[in-house]
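Report on the structure given below.
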Amino acid sequence: MVVRYDDLSVGGHVGSKWWPWVHLSLFLPLSELKKDDEEYEEEHSGLAKRPASLPAPSGGGLDSSHPYYDVARHGILKVIGDDNYGRKLIVFSSCCMPPSHQLNHQRLLEYLKYTLDQYVEMDYTVVYFHYGLRSSNKPSIRWLRSAYAEFGRKYKKNLKALYVVHPTNFIRIVWNIFHPFISHKFGRKLTYVNYLAELREHVPYQQLVIPPDVLRHDERLRAAQKSGPAPPLKTPPPRPPLPTQQFGVSLKYSTAGDCSPQRVSGLMFDPHFFCPGLRTEGLFRRSVRVQIIKDIQKLYNLGKPVSFQQHGDVHVPAVILKTFLRELPEPLLTFAPYQQVLDITGVESSLRVSRCKQIVESLPEHNREVLKYLVTFLHMVSVESIVNKMSPSNLACVLGVNLLWPPKGSVSLSALAPINVFTEILIEHCDAVFRDVKGDILYHQV
């Protein structure tokens with residue numbers, strides 16, 4: 001069962017500025033609690049003294065020229081696209097932290113800020129894997145206090161959900177102790193997740209890069225709960241799609257084999273509703289209520305009409321559009337050009353537009369037509385960037401990972417930059433990339 005923090009008997013609320021693992025040990029004089037927490041891990045794992053097993057990197061290796069390569073190489077922090085509600089998803093794995101003498105914690109703090117600063121201006125979600133945080137890799141009190149001061153309001157403002165996976169009594173009690181000093185509003189964003197399977201409702205579970213030690217720990221917990229071997233985590237078998245299904249099916253199925261402008265326009269939802277809101281600040285950066293998204297998805301899948309006007313919020317169709325792209329079985333750009341896109345940063349700047357054009361022309365017709373429609377629309381959004389703050393670069397940061405991801409695993413941090421560069425080129429230079437079909441869909445219909 002997923003437990004929301006404000007439902008717990010221990011009460012209290014989570015710190016408005018505190019990063020998940022900053023909360024865990026802000027006052028280490030609570031020695032008995034800390035001892036209990038570590039004994040719990042040893043009792044349930046028998047692995048407390050050995051280094052954590054790190055997952056193999058996905059989406060290309062980390063470039064050694066990365067400004068924080070010395071920290072990033074441990075895989076402590078990952079950005080893996082969006083959660084089920086269209087919010088950027090950031091994962092922190094405690095078990096990936098090496099012993100303190102092998103990690104410069106000041107560099108870790110700088111790396112956290114460096115990474116988060118790219119996303120805190122949009123809605124985002126954090127998944128925190130607590131298992132593996134021990135005295136050997138836990139930062140000092142001085143560092144924790146420094147981190148507390150560094151993570152100010154801008155880091156909490158757009159954090160919409162914080163999932164703490166495999167929490168221990170230590171976490172609950174420490175957070176309860178400090179509830180008089182902590183924001184009630186922020187406390188409502190926290191959810192305790194006791195088992196990995198509970199994450200499926202909230203995040204794209206198959207794309208999560210979960211450390212092997214965390215997977216094994218979860219199996220032990222489930223086995224202990226059932227007093228027997230833990231059943232393997234399996235995704236329920238897919239149901240046959242409805243004849244009118246739009247979400248979670250291939251483009252060919254969605255378009256019924258018709259990639260005409262009229263059909264694609266219907267597939268990408270009504271652009272006429274977007275136009276009055278193109279000047280809305282933060283378009284494509286904000287999330288909306290989860291139930292609204294679920295209700296609209298259901299209408300689309302049943303083939304029933306959808307009226308965005310009744311919601312009066314341009315962020316609703318924006319999130320629906322991102323959700324549609326994210327739930328495609330294969331990304332809109334397909335899996336085939338993934339490595340070519342990652343190599344785009346190695347192409348001379350003057351040749352990048354033509355290279356992007358070559359990649360687009362290699363796509364199947366359905367994918368190419370839908371991409372053309374989408375990118376032309378995003379270019380229109382970027383034209384209003386003085387007001388809506390959504391430049392091609394900002395749009396690429398929000399939408400890039402919804403257009404392309406690897407066949408297995410999630411987009412690694414090192415892959416984000418080239419994907420965003422590629423997407424930015426598509427949006428900024430759409431006339432050149434789609435020169436032969438400029439305006440055939442959107443410009444003439446809106």
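Numbers here simply count residues along the sequence, with the first being 1. Note that these values count all heavy atoms, side chains included, but never hydrogens, waters or copies made by symmetry.
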**Message:** Give me the atom names and distance for the closest heavy-atom approach of P337 to I359.
**Reply:** CB-CG2, 3.7 Å
**Message:** Is the shortest side-chain heavy-atom distance between T168 and H130 below 4.5 Å?
**Reply:** yes
**Message:** I want to know whether F129 and H166 have ring centres closer than 6.0 Å.
**Reply:** no
**Message:** I need the minimum non-hydrogen distance between C96 and G75, along with the two atoms involved.
**Reply:** SG-O, 3.8 Å
**Asked** Would you say L321 and L374 make side-chain contact, with heavy atoms under 4.5 Å?
**Response** yes
**Request:** Output all residues satisfying salt bridge (Lys or Arg N to Asp or Glu O under 4.0 Å) with D82, sequence neighbours left out; order by chain, then residue number.
**Result:** K88, R326
**Chi angles and distances behind the side chain to side chain contact (heavy atoms under 4.5 Å, CB included) call for V203, V127** = CA-CA 9 Å; V203 302; V127 173; 4.1 Å; yes
**Request:** With rounding to the nearest 0.5 Å, note down the distance linking CG in L404 to CG in L332.
**Result:** 9.5 Å
**Request:** With the side chain counted from C-beta on, respond yes when V288 and D313 share a heavy-atom pair under 4.5 Å apart, and no when they do not.
**Result:** yes
**Message:** On a heavy-atom basis, which atom in A415 and which in L342 lie closest, and how many Å separate them?
**Reply:** CB-CD2, 3.6 Å
**Request:** Could you list the residues that satisfy side-chain hydrogen bond (donor to acceptor under 3.5 Å, both in side chains) with Q297, not counting sequence neighbours?
**Result:** E327
**Prompt:** Can you check whether V433's main-chain N or O pairs, donor with acceptor, with K357's side chain at less than 3.5 Å?
**Reply:** yes
**Asked** Sequence neighbours excluded, which residues qualify as side-chain hydrogen bond (donor to acceptor under 3.5 Å, both in side chains) partners of E330?
**Response** none
**Item:** Residues which pass side-chain hydrogen bond (donor to acceptor under 3.5 Å, both in side chains) with K154, listed by chain and number, not counting sequence neighbours
**Value:** D117
**Request:** Kindly write out the residues that satisfy salt bridge (Lys or Arg N to Asp or Glu O under 4.0 Å) with E281, not counting sequence neighbours, or none if the list is empty.
**Result:** none
**Message:** For a 4.5 angstrom cut-off between non-hydrogen side-chain atoms, does S250 reach L328?
**Reply:** no
**Request:** Determine whether L325 and L403 make a side-chain contact, defined as any pair of heavy atoms from C-beta on separated by less than 4.5 Å.
**Result:** yes
**Request:** Indicate the ring-plane relationship of H66 and Y111, choosing parallel, tilted or perpendicular according to the 30° and 60° boundaries.
**Result:** perpendicular
**Message:** For V290, give me all partners under side-chain contact (heavy atoms from CB on, under 4.5 Å), at least two apart in sequence or on another chain.
**Reply:** Y85, K294
**Message:** Please enumerate all residues that pass side-chain contact (heavy atoms from CB on, under 4.5 Å) together with Q358, with sequence neighbours excluded.
**Reply:** R355
**Complete:** Taken to the nearest 0.5 Å, the spacing of Y300 OH from I296 CD1 works out to 7.5 Å
**Message:** Before you tell me yes or no, could you show the steps for T280 and N388 under side chain to side chain donor-acceptor pair (under 3.5 Å), namely the whole-Å CA-CA distance, both residues' side-chain angles and the distance that decides it to 0.1 Å?
**Reply:** CA-CA 5 Å; T280 301; N388 63 29; over 6 Å; no
**Request:** Could you check whether the rings of W405 and F335 sit parallel, tilted or perpendicular, using 30° and 60° as the cut-offs?
**Result:** perpendicular
**Request:** Could you check if a side-chain atom of T125 sits within less than 4.5 angstrom of a side-chain atom of Y163, using non-hydrogen atoms only?
**Result:** yes
**Item:** Considering all heavy atoms, the nearest V214-C95 contact
**Value:** CG2-SG, 3.9 Å
**Prompt:** With no hydrogens and no angle check, is any side-chain donor or acceptor of K189 less than 3.5 Å from a backbone partner on L159?
**Reply:** yes
Acceptor/donor pairs from residues 416-427 side chains to any protein atom, 3.5 angstrom cut, sequence neighbours excluded:
residue, atom, partner, partner atom, Å
N420, ND2, L416, O, 3.4
T423, OG1, I419, O, 2.8

**Prompt:** In this structure, are over 12 heavy atoms from other groups packed under 6.0 Å from I386 atom CD1?
**Reply:** no
**Request:** Please lay out, stage by stage, how R368 and E361 fare under the test salt bridge (charged side-chain N to carboxylate O under 4.0 Å, His left out).
**Result:** CA-CA 7 Å; R368 188 171 61 250; E361 290 176 345; over 6 Å; no
**Request:** Could you tell me which non-hydrogen atom of V398 sits nearest to which non-hydrogen atom of N402, and how far apart they are?
**Result:** O-ND2, 3.3 Å
**Request:** Output all residues satisfying side-chain contact (heavy atoms from CB on, under 4.5 Å) with S287, sequence neighbours left out; order by chain, then residue number.
**Result:** R87, D123, K160
**Prompt:** Taking it one step at a time, do K78 and I90 satisfy side chain to side chain contact (heavy atoms under 4.5 Å, CB included)?
**Reply:** CA-CA 6 Å; K78 293 184 181 295; I90 299 172; over 6 Å; no
**Request:** Evaluate the side-chain proximity of L333 to Y338: yes if any heavy-atom separation is below 4.5 Å, no if none is.
**Result:** no
**Message:** So that I can tick it off, tell me whether R216 and D213 are bridged by a salt bridge, with the cut-off set at under 4.0 angstrom between side-chain N and carboxylate O.
**Reply:** yes
**Prompt:** Which pairs with one or both residues in residues 378-399 pass salt bridge (Lys or Arg N to Asp or Glu O under 4.0 Å), sequence neighbours excluded?
**Reply:** R279-E384
**Request:** Working to the nearest 0.5 Å, report the span between CZ of F284 and CG of L395.
**Result:** 7.0 Å
**Item:** For P364, all residues meeting side-chain contact (heavy atoms from CB on, under 4.5 Å), sequence neighbours excluded
**Value:** T334, N367
**Asked** Do Y128 and S93 have a side chain donor and acceptor closer than 3.5 Å?
**Response** no
**Item:** CZ-NE2 distance between R289 and H315, expressed to the nearest 0.5 angstrom
**Value:** 15.0 Å
**Request:** Say whether, by atom type as modelled, one donor and one acceptor occur between the side chain of D218 and the main chain of L196 under 3.5 angstrom.
**Result:** yes
**Message:** Using a 3.5 Å distance criterion without hydrogens, assess whether the side chain of T244 forms a donor-acceptor pair with backbone atoms of N301.
**Reply:** yes
**Residues which pass side-chain hydrogen bond (donor to acceptor under 3.5 Å, both in side chains) with E121, listed by chain and number, not counting sequence neighbours** = none
**Prompt:** Are E369 and K372 within salt-bridge range, i.e. N to O under 4.0 Å?
**Reply:** yes
**Request:** Before giving the answer on side chain to side chain contact (heavy atoms under 4.5 Å, CB included), spell out for H202 and D83 the whole-Å C-alpha distance, their side-chain angles and the decisive distance to 0.1 Å.
**Result:** CA-CA 6 Å; H202 308 285; D83 66 9; over 6 Å; no
**Message:** Checking M97 against L108 for the side chain to side chain contact (heavy atoms under 4.5 Å, CB included) test, could you report, in this order, the C-alpha distance in whole Å, the side-chain angles of both residues, the deciding distance, and whether it holds?
**Reply:** CA-CA 10 Å; M97 292 181 62; L108 173 61; 4.1 Å; yes
**Prompt:** Roughly how far apart are Y124 OH and L162 CG, rounded to 0.5 Å?
**Reply:** 9.5 Å
**Asked** Nearest 0.5 Å, what's the CG-CG distance between L215 and L208?
**Response** 10.0 Å
**Message:** Contact between N158 and V120 at the side-chain level, heavy atoms closer than 4.5 Å - yes or no?
**Reply:** no
**Item:** Presence of salt bridge, R352 and E348, under 4.0 angstrom
**Value:** no
